[in-house]
Structures are given as structure tokens and as C-alpha cells.
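These numbers were taken from a predicted model, which means no experiment stands behind them.
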Amino acid sequence: MKKFDRKLILEDGSEYYGYGFGSGQEKITEIVFNTSPVGYQEIISDPSYTYQTVVMAYPLIGNYGIAEDDFETETPTIGGLVVRDYNDHPSNFRSKYTLSETMEKYQIPGIYGVDTRKLVRSIRDLGSRKALITDAGTSLQEGLCRLAACKLPKDAVAVVSRKQIQQYTVPNGKYQVAAIDCGMKQNIVRSLNRRGCNVTVFPWNASVEEIEKMKPDGIFLSNGPGDPADAWPVIELVRSLRGKYPIFGICLGHQIISLAYGAETYKLKFGHRGGNHPVKNLLTGKIEITSQNHSYAVDRESLAATRLKITHLNLLDQTVEGVCCEDDRVFSVQYHPESAPGPQDSGYLFEQFTEMMEEAKNGKKN
């Protein structure tokens, strides 16, 4: 049997031995799990996983390689990847690199051969917590000392947000959208472009004056990593712009909108990450299967004192999945309607946003 060369140490004292792939560096991150059977390239390139190591619940990872067109960001910032069976010989005509080669390029450590069923149950039962990916020879005592001494950073949004304004235009674009990049996935831009939107992407700390200077038809708030309360410049931006322009937020953007209206957020025990979360649209009665990736949720009771109305609920745990303020033309969802990866049940939300911008341009009331 091949000798183990890597180890995962959790701050509760549990150890998981395995084999290394990707980068060989040590790293301390928060450990979480994702239940999606496919989409590992989009997962490792999703900025929302900054400072997090993802355990893939599906056992076989790497079998279709990496395609150049499927990255969700130019520079992946995921903390690490833990899998059961790693395949380094992909079979896919679109594949240009192996997963391990890509992870090595972007300094992402990986470990395989781990009992991921046991690890996922541990995270589910005990919650997300700090974990160290290290050499197999690192003692448990030494690893726990490193974990205890490490405080996870709170600057995730500032790290992943682009530093310069970027534009993504389409021929005969009908709408001008100002998108606030809190860790924005590229398929969001593509989804807006396909619906006739010219998208100008701003850094997370852009000023009200910068946004209004472009005379947008609507404002989009992106997904992103970390605690929404840390993104206070975006919260203040929403407070300044609500009621002036239609605003659509997803994931972190959903939480930011809720905070801007006076609601509260809290951290989930182990978060929602996967492509099979059932969500009920309370406005239509329909159930959508959604793609999700978040650690925080909006406190349902706190919404009662705001002008926001709940529009969507998670059928697994009854957490808030969508809110709106009709008077201000503001709405948001906790899940990912751009679906990369994941089901495509929720693409209608982008049409809802363009319809809202069209009404605002024509001066129609809600």
C-alpha cells in the first residue's frame, strides 16, 4: 500500500490521512463540504470559497479535467480541496489540464484517499471549523497548536474583488447594469450579457458618485465570501441607492440588502453548498431546485421590522432564500440563479431584473 504523505487535522483533534495533489504547501482554513456530483472546476474557481477548504461529498473528482472556458474567476482563491478518489487521467475532449496541475498553478493544496463520508458527517454534526492541510509527519499536538494560534482573516471580499472598473458589453445592449464585485462569478456577467445588458463591474468599495456617474438602469450585487457584516461599504452603498435604481442581489448580495434594510444575519452550523437545494417561491407556489454556496443566512424574525417581504424559503430548513421591497424595486435571492454549476430552474430572475429596469426606464410604478 502506498504510504500516506499528507494529513488533515481539524481543531477538534480529529485526523484524516491521505495523499497529496495540487500544491504541496501547508494551509489553515475553514472546512466545509459540497454535495454536487459535478462542477468541481467551477467550485475551485468560485471566489466565495476564499479561506475555505471544500470536502467533495461525491467520491470521484478530476475525471473530466479542466476546460479553459469554465473558470468562474481568473485567479482561483479557494483554500483547499479534499476528495475520496482523485483521477489524474481525465477523459474529455475539452480538457486542457488536470485538476492537480491547475491547483498547483494557483497554490491550492489538495488531499485524496480520505474517508469523505466520515468527514462530511463530522462537519454536519459538529459544524464548520478550522482545519490544517499538512505533511503526514506533522504531529497532532503540533497541528493543534498551529490551529489554535491561527485567526482566520476577515478581509475576504477585499481580497477577491477586482481593483479596477471593467466593462462587458454586447452588441445593441439595451440596459446599463452597474455590478458590485464582492467576489463575482463570471457566469453572472454572461447571464446578464445574454439578456441584453452591458455590465460595468465596480470594486466592492466603489463610491455612490462613481456608480451614479455611469447613469445605470440597475444595480447588481454579487455573491462573495465571508461574513456579510464585514462588507459595510456595500451595505452603505445600498442604503444610498435604494429607491433610485432597481437593485438585484444574490447570495452575499442578498445578505447585504437585508442588512441595509435593518435585518440581521447569522452563521449557519455548516452552511448550504450543493446543487440540489429545494426552494419554494412564495409568490408563485413553485419549487425550484437551486445551486447554493453560503455560510450565513438572513434572520427570519428580524425581517419583520423592515420593509422587506420574504419571497422564497428553503424547504430543508425553512431559512430565508429571497426577499423584496416592491416600493424600492429591490429584490434578492440567497441561491445562485446563474447556475455554474447547478440546475437552471432560476434563470427567470435575470428576466425579472430586466423587466424591472424596463419599467423604471418607462417611469412605470410598481
Side-chain angles (χ1 to χ4, degrees), residues 2-10 16-92 94-116 119-120 123 128 130-136 138 143 150 152-153 156 159-160 183 185-187 224-225 273-275 293 340-341:
K2 182 181 176 183
K3 186 177 180 180
F4 293 127
D5 59 7
R6 297 290 271 171
K7 180 196 289 188
L8 183 70
I9 301 176
L10 275 61
Y16 296 82
Y17 285 88
Y19 309 101
F21 70 105
S23 170
Q25 68 176 186
E26 285 194 345
K27 190 170 284 189
I28 295 176
T29 62
E30 179 185 33
I31 194 163
V32 298
F33 68 85
N34 189 298
T35 59
S36 297
V38 294
Y40 57 78
Q41 179 174 350
E42 292 88 343
I43 288 168
I44 69 162
S45 60
D46 182 347
S48 295
Y49 286 117
T50 302
Y51 301 140
Q52 291 180 330
T53 289
V54 179
V55 182
M56 297 300 295
Y58 187 77
L60 181 59
I61 300 297
N63 53 310
Y64 57 84
I66 297 291
E68 290 182 332
D69 295 333
D70 293 346
F71 283 100
E72 287 302 313
T73 187
E74 292 182 0
T75 306
T77 53
I78 188 174
L81 193 67
V82 181
V83 305
R84 175 61 181 175
D85 297 315
Y86 172 66
N87 186 315
D88 208 34
H89 303 282
S91 176
N92 175 7
R94 296 179 67 236
S95 176
K96 295 295 183 182
Y97 317 99
T98 68
L99 174 58
S100 184
E101 288 171 338
T102 302
M103 290 172 59
E104 186 174 4
K105 176 180 179 181
Y106 295 108
Q107 293 297 296
I108 304 167
I111 180 171
Y112 73 95
V114 170
D115 185 348
T116 51
L119 183 53
V120 167
I123 299 169
S128 302
K130 286 187 290 185
L132 167 67
I133 297 179
T134 185
D135 292 332
T138 302
C150 176
L152 295 178
V159 167
V160 298
K185 294 171 67 178
Q186 197 58 30
N187 203 44
R273 294 174 183 86
N293 171 20

Residues forming a side-chain contact (heavy atoms from CB on, under 4.5 Å) with Y16, sequence neighbours excluded:
L8, L10, S14, V114, K118, L119, S122
Under a 4.0 Å threshold between the charged nitrogen and the carboxylate oxygen, would D135 count as salt-bridged to R6?
yes
Pairing residues for E68 by the side-chain contact (heavy atoms from CB on, under 4.5 Å) criterion, not counting sequence neighbours
K96, Y97
Return the minimal non-hydrogen interatomic distance between G79 and T29, and the atom names on each side.
CA-CG2, 3.8 Å
V38 and Y58, any side-chain heavy atoms less than 4.5 Å apart
no
Gap between atom CD1 of I111 and atom OG1 of T116 - 0.5 Å precision
11.5 Å
Side-chain heavy atoms of P225 within contact of Y51, under 4.5 Å
no
Donor-acceptor pair, distance only, cut-off 3.5 Å: does the side chain of K27 make one with the backbone of P109?
no
Between P90 and G65, the two heavy atoms sitting closest are CB-N, 3.2 Å
Side chain K7, main chain T138, donor-acceptor under 3.5 Å
yes
For the pair N87 (side chain) and N63 (backbone), establish whether a donor and an acceptor sit closer than 3.5 Å, ignoring hydrogens and angles.
no
Tell me, do D69 and R94 make a side-chain contact under 4.5 Å, heavy atoms counted?
yes
Considering only heavy atoms from C-beta outward, does the side chain of L152 approach that of K130 to under 4.5 Å?
yes
Check: Y19 main-chain N/O paired with Y86 side-chain donor or acceptor under 3.5 Å
no
Just by distance, do the side chain of E72 and the backbone of P47 share a donor-acceptor pair under 3.5 Å?
no
Supply the atom-to-atom distance I133 CD1 to I108 CD1, rounded to the nearest 0.5 angstrom.
10.5 Å
For the side chain of T98 and the backbone of D88, is there at least one donor-acceptor N/O pair under 3.5 Å apart?
no
Does R273 reach the side chain of V32, with side-chain heavy atoms less than 4.5 Å apart?
yes
State, yes or no, whether a side-chain contact exists between V83 and F21 at a heavy-atom distance under 4.5 Å.
yes
State the CG-CD1 distance between L99 and I66, to the nearest 0.5 angstrom.
5.0 Å
In short, side-chain hydrogen bond (donor to acceptor under 3.5 Å, both in side chains) pairs touching residues 35-45 with sequence neighbours left out are N34-S36
Between T73 and V160, is there a side-chain heavy-atom distance shorter than 4.5 Å?
no
Provide the closest heavy-atom pair for E30 versus S128 in the form atom of the first, atom of the second, distance.
OE2-CB, 3.4 Å
Which atom of S100 lies closest to which atom of G22, heavy atoms considered:
OG-N, 2.9 Å
What's the separation between atom CD in E104 and atom OH in Y106, rounded to the nearest 0.5 Å?
12.5 Å
Are I44 and Y49 packed together at the side-chain level, in the sense that at least one heavy-atom pair is separated by less than 4.5 angstrom?
no
